[in-house]
Amino acid sequence: MVTRRAEPGQAGVVGRLLFDFNTEFSSPTPGADEFAARFSVLLAREDVLVLLAGSTTEPSGLAFLTLRPTPYSDGPLAQLEELYVRPSLRDQGLGTELLRDAIARVRAQGCEEMHINVDEVDADTRRFYERHGFTNIQPGEDYRMLFYVREL
């Protein structure tokens with residue numbers, strides 16, 4: 001499966017995919033049109049990367065990443081915000097292809113580290129990322145890293 005970088009003109013399909021993702025998992029979500037309006041701005045930024053897989057009009061999945069400066073390396077830090085594959089197309093390697101392409105692209109931009117937030121109860125997703133070399137334990141430590149959030 002070929003993946004490609006989404007362009008601002010594809011904000012509508014990106015917004016729909018993210019809305020479908022949130023709806024599938026019963027997460028509070030803005031509407032697809034609101035996402036599309038935001039992505040029309042975000043997709044033009046150099047520090048935002050959205051990869052699409054499948055058809056240009058009806059993509060099968062997406063990887064949405066942000067890049068930010070960090071004093072811990074010369075390049076930016078990558079954050080995988082969302083990785084989504086339509087339910088009927090899962091377990092066919094599409095998520096792996098999106099993740100591999102995302103890693104290659106952020107490495108090419110000088111990133112030395114990628115962060116991913118995963119719900120603790122989502123064991124399948126945690127195993128997926130662990131198969132690809134991600135961990136929630138720093139080398140030399142025996143405890144897990146946690147993510148904290150507070151709405152402002």
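Every value quoted in this text rests on a predicted model; they were computed, and no experiment measured them.
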**Student:** Roughly how far, to the nearest 0.5 Å, is CD of Q92 from OG of S60?
**Tutor:** 8.5 Å

**Student:** Take M145 and I137, measure what side-chain contact (heavy atoms from CB on, under 4.5 Å) needs, and give me the verdict at the end.
**Tutor:** CA-CA 6 Å; M145 295 177 281; I137 299 173; 6.0 Å; no

**Student:** Apply side-chain hydrogen bond (donor to acceptor under 3.5 Å, both in side chains) to residues T29 and N22 and explain how you reach the verdict.
**Tutor:** CA-CA 6 Å; T29 186; N22 288 336; 3.0 Å; yes

**Student:** Measure the shortest side-chain to side-chain distance between V118 and Y129 over non-hydrogen atoms and say whether it is less than 4.5 angstrom.
**Tutor:**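 Yes, close enough: below the 4.5 Å cut-off.
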
**Student:** Is there a side-chain contact between F147 and H115 (heavy atoms, below 4.5 Å)?
**Tutor:**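 Sidechains of H115 and F147: no contact.
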
**Student:** Which heavy atom in S40 sits nearest to a heavy atom in A11, and how many Å separate them?
**Tutor:** N-CB, 3.4 Å

**Student:** For S55 and R4, work out which heavy atoms get closest and say how close.
**Tutor:**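 Closest approach of S55 to R4: O-NH2, 2.8 Å.
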
**Student:** Under 6.0 Å between the ring centres of F64 and F39?
**Tutor:** yes

**Student:** With salt bridge (Lys or Arg N to Asp or Glu O under 4.0 Å) as the criterion, how do D47 and R68 come out once you've worked through the C-alpha distance, each side chain's angles and the decisive distance to 0.1 Å?
**Tutor:** CA-CA 7 Å; D47 59 353; R68 66 175 171 83; over 6 Å; no

**Student:** Test your reading of the model: is there a side-chain donor-acceptor pair from Q10 to the backbone of E7, 3.5 Å cut-off?
**Tutor:** yes

**Student:** Quick check for you: to the nearest 0.5 Å, what is the distance between T3 atom OG1 and D101 atom CG?
**Tutor:** 3.0 Å

**Student:** Just so I know, are the side chains of E113 and S73 near enough to count as touching, which here means a heavy-atom distance under 4.5 Å?
**Tutor:** no

**Student:** Answer yes or no: is there a donor N or O on one side and an acceptor on the other, between the side chain of R105 and the main chain of L49, under 3.5 Å?
**Tutor:**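 Checked: no pair found.
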
**Student:** Using a cut-off of 6.0 Å, state whether more than 12 heavy atoms not belonging to R5 lie near its atom CZ.
**Tutor:**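 Yes - once you tally the heavy atoms of other residues, nucleotides and ligands closer than 6.0 Å, there are more than 12.
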
**Student:** List the atom of L98, the atom of Y84, and the distance in Å for their closest heavy-atom pair.
**Tutor:** CD1-O, 4.2 Å

**Student:** Provide the closest heavy-atom pair for A36 versus G12 in the form atom of the first, atom of the second, distance.
**Tutor:**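 Between these two residues, the closest heavy atoms are CB-CA, 3.8 Å.
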
**Student:** Give a yes or no on whether E141 atom CD has more than 12 heavy-atom contacts from other residues, nucleotides or ligands under 6.0 Å away.
**Tutor:** yes

**Student:** Compare all side-chain heavy atoms of Q109 with those of L67 and state whether any distance is below 4.5 angstrom.
**Tutor:** yes

**Student:** Distance check, rounded to the nearest 0.5 Å: N136 atom CG versus I116 atom CD1?
**Tutor:** 11.0 Å

**Student:** Answer yes or no: does atom CG of N117 have more than 12 heavy-atom neighbours from other residues, nucleotides or ligands under 6.0 Å?
**Tutor:** yes

**Student:** Is any side-chain heavy atom of L17 closer than 4.5 Å to a side-chain heavy atom of P59?
**Tutor:** yes

**Student:** Is there a continuous path of hydrophobic side-chain contacts, each under 4.5 Å between heavy atoms, that joins L94 to L99?
**Tutor:** yes

**Student:** Looking at L62 and V14, what are the two nearest heavy atoms and their distance?
**Tutor:** CD2-O, 4.0 Å

**Student:** Is it true that E58 and R16 have a side-chain N and a carboxylate O under 4.0 angstrom from each other?
**Tutor:** no

**Student:** Please confirm whether the backbone N or O of Q138 pairs with a side-chain atom of R144, one donor and one acceptor, at under 3.5 Å?
**Tutor:**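 Not a single qualifying donor-acceptor pair exists.
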
**Student:** L65 and A102: which non-hydrogen atoms are nearest, and at how many Å?
**Tutor:**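 Answer, listing the atom of L65 first, then A102: CD1-CB, 3.7 Å.
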
**Student:** Working to the nearest 0.5 angstrom, can you tell me the gap between D33 CG and R38 CZ?
**Tutor:** 12.0 Å

**Student:** Hey, are R126 and D122 close enough for a salt bridge, meaning a charged N less than 4.0 Å from a carboxylate O?
**Tutor:**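 Salt bridge between R126 and D122, a charged N being under 4.0 Å from a carboxylate O: no.
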
**Student:** Determine whether L18 and E82 satisfy the following criterion, side-chain contact (heavy atoms from CB on, under 4.5 Å), listing intermediate values before the conclusion.
**Tutor:** CA-CA 8 Å; L18 188 53; E82 306 291 356; 3.7 Å; yes

**Student:** Given side chains that start at C-beta, do those of L152 and R150 come closer than 4.5 Å, heavy atoms only?
**Tutor:**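 Answer yes - side chains close enough.
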
**Student:** What I'd like to find out is whether the side chain of E112 reaches to under 4.5 Å of the side chain of P76, using heavy atoms alone.
**Tutor:** no

**Student:** May I have the step-by-step check of side-chain hydrogen bond (donor to acceptor under 3.5 Å, both in side chains) for T66 and E81, ending in yes or no?
**Tutor:** CA-CA 7 Å; T66 56; E81 305 288 348; 2.6 Å; yes

**Student:** Between I103 and M114, is there a side-chain heavy-atom distance shorter than 4.5 Å?
**Tutor:**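 Contact flag for M114/I103 side chains = yes.
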
**Student:** Any link between V48 and V106 through a network of hydrophobic side chains (Ile, Leu, Val, Met, Phe, Trp, Tyr) touching at under 4.5 Å?
**Tutor:**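 Result: no, two separate clusters.
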
